[in-house]
Amino acid sequence: MADKNDRPLTPADRRKQKREAKEAKARERRIRARQGDRRLFPKVSKKAATAFVAVVAVLFVLSVFWRLGPGSQAPRVQGTDAPAVAKKGATMIYKSGSYTVGTNLDAGQYKFLAAGGQTAAVSVDGGEAASFTTQCWLELSDGQKVEVSGATFASGDDISATDAQEVEGTGIYKVGTDCPAARYAVTSDGSGDASYAVLDSDAPGSEPAASGSVDGSTEVQVADGQYLELKGCVATVLG
């Protein structure tokens, strides 16, 4: 008798075999998925990837504008040495170099700070340079050409007042901003010839209201808005 398993497959048998094979593959995929044999991330189309990159780029640009826009606390340009404590708002810190007032520098008063304790210099329109080892102030007008070496500087409008009880070195200090209006004891710092001057203006070559050499100790009175110029001196507020 012929074995019934040797009989030819009918179309129904073939359909059944295909269905059973398909179900077996489906079961195998489910088992692998439960065992962790599956993709961690689905395959992303090129179109979707391009759209994602575009969205990230837009968000980055918006974040930059937000940080640098009005009301931002970060300086727009930061030098290696900040010349003073800045008020709230964007502060422009300028480095050593050549400037033309009204072109790449606004007119106004500026505070200069010697970088790293070295001797710095500021020259206006090729005139005699003002040299200092600490700081100085200078009012600049449109059209002037300024040469700055060894210093950073910022607009006086961005400088906050401090209550320093002592200032020293060679430089010019603005009374009411760098130090309080008071009576000071001025002494030599031992670096060489020592002198002081009380100025009513920060203009180079302006006539001092009071001045003198320092040998030992000298008392000096200054008022708000004046400038105390020191050369090799220490000025301490008298109690």
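Hydrogens, waters and symmetry mates are skipped; everything else that's a heavy atom, side chains included, is used. Count residues from 1 along the sequence.
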Shared hydrophobic cluster for Val198 and Trp137 (ILVMFWY, side-chain gaps under 4.5 Å): no
Testing the basics here: between Ala151 and Ala120, what is the closest heavy-atom pair and its distance to 0.1 Å? CB-CB, 3.8 Å
Please report the shortest heavy-atom distance between Asp158 and Met92, naming the atom on each side. OD2-N, 4.3 Å
Are Val175 and Tyr227 joined in one hydrophobic group, where the rule is that I, L, V, M, F, W and Y side chains link up if heavy atoms are under 4.5 Å apart? no
Leu199 and Val186: same hydrophobic cluster, using ILVMFWY side-chain contacts below 4.5 Å? no
Within a strict 4.5 Å, meaning less than it, do heavy atoms of the Leu140 and Val146 side chains meet? yes
Distance check, rounded to the nearest 0.5 Å: Asp125 atom CG versus Lys145 atom NZ? 8.0 Å
Hey, could you give me the CG/OH distance between Leu230 and Tyr184, rounded to the nearest 0.5 Å? 9.5 Å
Can you give me the closest heavy-atom contact between Asp163 and Pro180, atom names plus distance? OD1-CG, 3.6 Å
Roughly how far, to the nearest 0.5 Å, is OH of Tyr196 from SG of Cys233? 9.5 Å
Spacing of Lys231 atom NZ and Ser213 atom OG [to the nearest 0.5 Å]: 12.0 Å
Is the CG atom of Asp224 crowded by more than 12 outside heavy atoms at less than 6.0 Å? yes
Ignoring hydrogens and angles, state whether a donor on the side chain of Tyr173 or Thr134 is under 3.5 Å from an acceptor on the partner side chain. yes
Do any N or O atoms from the side chain of Ser149 and from the backbone of Ser96 form a donor-acceptor pair under 3.5 angstrom? no
To the nearest 0.5 Å, atom CD of Glu229 lies from atom OG of Ser211 at 9.5 Å
Heavy-atom closest pair, residues Gln144 and Ser141: OE1-N, 2.8 Å
Check this for me: does any side-chain nitrogen of one of Lys111 and Asp178 sit under 4.0 Å from a carboxylate oxygen of the other? yes
Would you say the ring centroid of Tyr99 lies under 6.0 angstrom from that of Phe153? yes
Can Thr152 and Phe112 be said to form a side chain to side chain contact (heavy atoms under 4.5 Å, CB included), step by step? CA-CA 6 Å; Thr152 55; Phe112 298 79; over 6 Å; no
From OG (Ser123) to CG (Leu138), nearest 0.5 Å: 10.0 Å
For Gln109 and Lys174, test the side chains for any donor-to-acceptor distance below 3.5 angstrom and give the result as yes or no. yes
Heavy-atom closest pair, residues Asp189 and Val234: CB-CG2, 3.9 Å
Find out if a path of hydrophobic residues (ILVMFWY) with successive side-chain heavy-atom gaps under 4.5 Å connects Tyr94 to Phe132. yes
Taking every non-hydrogen atom, the tightest pair across Val237 and Ala182: CG1-CB, 4.0 Å
Could you check whether atom CD of Glu20 has more than 12 heavy atoms from other residues, nucleotides or ligands sitting under 6.0 Å from it? yes
Side chain to side chain contact (heavy atoms under 4.5 Å, CB included), paired with Gln135, selected from Ile172, Leu113, Thr170: Leu113
Beyond-backbone contact of Leu238 with Glu219, side-chain heavy atoms, under 4.5 angstrom: yes
